[in-house]
Amino acid sequence: MKESKGMTESRSVKSIQIFPEDTNHHNTMFGGKLIAEIDEIAAIAAMRHSGNSVVTASIDSVDFIQPIRTGEVLSLVSFVTYAGTSSMEICVKVVSEDNINQNKHLAAYSFLTFVALDENGKKVKVPAIYPETEDEKWFYETAKDRVNLRHERRDESKRTLEFMSTKLYI
Ligand SMILES: CC(C)(COP(=O)(O)OP(=O)(O)OC[C@H]1O[C@@H](n2cnc3c(N)ncnc32)[C@H](O)[C@@H]1OP(=O)(O)O)[C@@H](O)C(=O)NCCC(=O)NCCS
């Protein structure tokens, strides 16, 4: 395993066209379908960086900035922006393109955390990461704050879990 890798090495890109079955009665894409696409492209970046299989530990809020309509082409780009011991933060940007009107817009973005696992499903160390471009430096320098916020949220979530796990409501 390499000791460290550049952010660019994990960069992963996918384009898809939006069809009627991907959309609701407003002819805009289902949020859940978009989240599934975001999760998949983020996992590919995490696997590229870690060289192992990975699981999604958490998805930060997904900001749906503009509706995505039938016929538009969606491009998703993902890259690792932070590497901890076994966890990685991935940024996914979603750009939607209306080829008839020649418009492109930022449709959504999200940060996700993945954990690398070995062949026995045990957490495994991931390579460190280093930024190379000015944009990558911004992601790298702001990552610590996002990671700290996630730790705080996780502590809070553990307290909620204690309560919820005794009351399944099913
Ligand atoms: C994610 C998972 C592997 C973490 O296991 P764990 O024993 O709780 O691990 P730890 O507390 O030691 O955390 C391991 C790393 O993940 C990070 N992490 C764990 N849960 C996290 C969360 N909810 N958000 C962000 N980071 C998280 C920790 O900070 C730690 O990072 P580091 O190794 O870089 O320091 C485990 O909870 C799991 O398997 N969850 C289910 C995953 C899954 O099935 N995903 C698909 C959903 S359908």
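In listed order, ligands and their atoms are each counted from 1.
Put simply, the side chain of Ile38 does not reach to within 4.5 Å of the side chain of Ile59, judged on heavy atoms.
For a heavy-atom separation below 4.0 Å, the residues in contact with ligand 1 are Val55, Thr56, Ala57, Ser58, Gly84, Thr85, Ser86, Ser87, Thr113, Val115, Lys123, Arg150, His151, Arg153, Arg154.
Side chains of Ser58 and Arg150: a donor-acceptor N/O pair is absent below 3.5 angstrom, by distance only.
With Phe111 as the aromatic partner, Arg146 meets the cation-pi criteria of under 6.0 angstrom to the ring centre and within 45 degrees of the ring axis.
Crowding of Tyr109 atom OH: a count of heavy atoms from other residues, nucleotides or ligands under 6.0 Å not exceeding 12. Counted within 6.0 Å of NZ on Lys104, heavy atoms from surrounding residues, nucleotides or ligands total 12 or fewer; the atom is thus considered open.
Contact record, Glu132 with Glu136: N-OE1, 2.7 Å, taken as the closest heavy-atom pair.
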